[in-house]
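Everything numeric in this text was worked out from a predicted model, so none of it was measured. Per chain, numbering begins at 1; letters A, B, ... match sequence-line order.
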Amino acid sequence: MKIGYPCLNHSLECKGNRTFRLHSYSEDKIKQTIKNNLDCLFCILKFNLNNDILFFRISSDIIPFASHPICTFPWQNYFSNHLKEIGRFIINNDIRISMHPDQFIVINSLREDVIKRSLTEIIYHNEILDLMGLDSTAKIQIHVGGVYGDKSNSIKRFIDNYKSLDSSIKNRLVIENDDKSYCIDDCIGIFQRINIPVLFDYFHHSLYNNHESLHKIFESCRKTWKEKDGFLMVDYSSQNPMKPRGSHADKLDHSNFIDFIKLSKSYDFDIMLEIKNKEQSAMEAIKLLNSDKRLFTKS
DNA sequence: TCACGTCAAGCAGAT
DNA sequence: ATCTGCTTGACGTGA
């Protein structure tokens with residue numbers, strides 16, 4: 001099991017997701033920003049290694065405007081050595097990597113232009129991971145998309161569009177249950193038709209579900225991840241008690257986390273902690289697991 | 001130097 | 001109709 005957190009590190013001075021306004025785009029600006037972001041990513045990965053954090057989600061902002069037509073700068077060639085160097089560090093230290101394109105990526109949209117932009121964005125994510133030399137255990141997680149008042153047709157559109165993708169992209173794509181449209185059962189149903197691995201989001205599941213038991217979920221999700229996909233990935237978070245339903249917690253809720261681990265301890269999986277204080281939660285979670293190894297012994 | 005309006009992009013649900 | 005939440009921050013103008 002590996003513990004990770006997404007995109008940002010608040011302990012370090014550097015920011016690995018620096019960007020700029022579209023109207024201030026220039027080749028010089030994008031070059032400098034990417035260099036900054038890659039340097040910082042390397043720092044974050046070293047920080048993580050020093051703290052036994054072996055799972056990390058790379059920010060989609062690492063190459064700003066990568067899939068936008070304005071971006072004509074050949075970053076793939078210009079930074080290929082830099083990306084390869086980071087990739088070697090990742091591989092040599094057995095670090096697990098994921099990426100999560102943001103909410104605008106909807107491959108089952110009713111609008112052709114939205115689908116087209118989404119595919120371009122996914123291709124960009126795939127390029128980053130390829131240029132780092134990572135294998136197909138490095139994943140790109142997306143949601144199924146919109147429902148548009150007709151779930152079965154919307155699922156069919158997802159499947160049709162998925163089938164048209166290049167196999168190198170299919171090797172990395174996984175789907176994740178969301179908090180209002182597609183629950184774990186929906187995702188498993190899609191897996192049964194196109195064999196796409198299902199990433200389990202525990203917090204989303206608590207907000208939107210078919211009352212599936214946690215054991216049944218782990219059992220069925222695990223089977224969707226083949227040898228080439230690596231261990232099942234799981235996103236973990238809890239409700240922020242001060243904010244509206246669906247808001248992620250500011251800090252790790254120790255008792256909620258321990259309850260979750262107790263229920264799921266017999267399965268092999270990697271956990272991404274989607275909690276606002278980022279590496280802080282990851283370090284706490286690792287400490288909790290180490291302080292009570294029994295929590296984590298397979299039964 | 002700092003506040004704060006705004007930032008490429010979609011969707012659903014609440015108000 | 002407008003706002004919020006999603007990996008939510010961070011940019012950058014104007015004072």
Side-chain angles (χ1 to χ4, degrees), chain A residues 4-10 12-26 29-30 32-33 36-37 40-41 44 55-71 97-125 139-151 154 157-158 161 176-183 186 199 201-208 233-240 242-250 271-279 281-282:
Chain A
Y5 63 95
C7 307
L8 307 176
N9 178 302
H10 296 309
L12 295 168
E13 292 280 310
C14 70
K15 298 266 178 287
N17 60 335
R18 263 182 53 194
T19 181
F20 48 84
R21 293 286 168 265
L22 183 58
H23 65 255
S24 56
Y25 178 93
S26 72
K29 194 147 198 161
I30 195 166
Q32 283 182 22
T33 307
N36 168 83
N37 289 350
C40 184
L41 172 62
I44 292 175
F55 187 17
F56 187 67
R57 183 184 297 162
I58 296 175
S59 169
S60 298
D61 286 336
I62 189 133
I63 314 287
F65 303 107
S67 71
H68 191 284
I70 201 172
C71 180
I97 293 294
S98 67
M99 293 186 83
H100 192 346
D102 63 30
Q103 59 268 34
F104 311 105
I105 280 47
V106 183
I107 75 170
N108 77 344
S109 177
L110 295 169
R111 288 169 45 194
E112 274 301 323
D113 59 319
V114 173
I115 296 173
K116 200 168 167 217
R117 273 200 299 275
S118 300
L119 296 184
T120 315
E121 180 76 356
I122 291 171
I123 289 167
Y124 143 64
H125 283 72
K139 292 303 187 191
I140 300 170
Q141 61 188 93
I142 58 172
H143 294 291
V144 179
V147 175
Y148 312 95
D150 181 350
K151 193 180 263 189
S154 296
R157 255 191 334 278
F158 179 92
N161 291 337
E176 173 190 354
N177 59 305
D178 65 71
D179 57 347
K180 48 181 174 277
S181 302
Y182 294 95
C183 67
D186 296 322
L199 185 155
D201 188 309
Y202 177 66
F203 181 45
H204 287 162
H205 172 72
S206 72
L207 297 165
Y208 179 59
M233 288 181 179
V234 173
D235 283 358
Y236 168 87
S237 187
S238 62
Q239 173 67 42
N240 182 328
M242 308 299 286
K243 293 201 175 163
R245 183 180 148 90
S247 305
H248 289 249
D250 288 336
I271 309 183
M272 177 62 59
L273 300 168
E274 292 186 332
I275 303 194
K276 309 248 181 192
N277 68 358
K278 307 290 178 181
E279 77 282 0
S281 284

From [options], pick the nucleotide closest to the side chain of [X]?
X        : options                : result
A/Arg21  : B/dA9, C/dA10, B/dG10  : C/dA10
A/Ile105 : B/dA9, B/dA12, C/dT7   : B/dA9
A/Leu22  : B/dA8, C/dT7, B/dC11   : B/dA8
A/Lys276 : C/dT7, B/dA9, C/dT8    : C/dT8
A/His68  : C/dC11, B/dA8, C/dT7   : B/dA8
A/Lys180 : B/dA9, C/dG5, C/dT8    : C/dG5
A/Arg18  : B/dG13, C/dC11, C/dA10 : C/dC11
A/His204 : C/dC6, C/dG12, B/dG10  : C/dC6
A/Cys7   : C/dC11, C/dT7, B/dA12  : C/dT7
A/Phe104 : C/dC6, B/dA9, C/dG9    : B/dA9

[X] side chain to [Y] side chain, donor-acceptor N/O pair below 3.5 angstrom:
X        : Y        : value
A/Asp201 : A/Gln141 : no
A/Ser154 : A/Arg157 : yes
A/Ser67  : A/Glu121 : yes

*Which nucleotide, in any strand shown, forms a Watson-Crick or G-U wobble pair with B/dA9, with both distances under 3.5 Å?*
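Checking every strand shown, B/dA9 finds no partner, since no pair has both distances under 3.5 Å.
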_Atom pair distance, as rounded to whole Å: CD in A/Glu176 and C1' in C/dT7_ =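 Spelled out: CD on A/Glu176 to C1' on C/dT7 is 10 Å.
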*Pick the P atom in C/dT7 and in C/dG12, then give their distance to the nearest Å.*
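Pairwise P distance, C/dT7 against C/dG12, rounds to 26 Å.
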*asked:* Can you tell me how far apart CG (A/Asn177) and CG (A/Asp186) are? Round to the nearest 0.5 Å.
replied: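 CG of A/Asp186 is found 9.5 Å from CG of A/Asn177.
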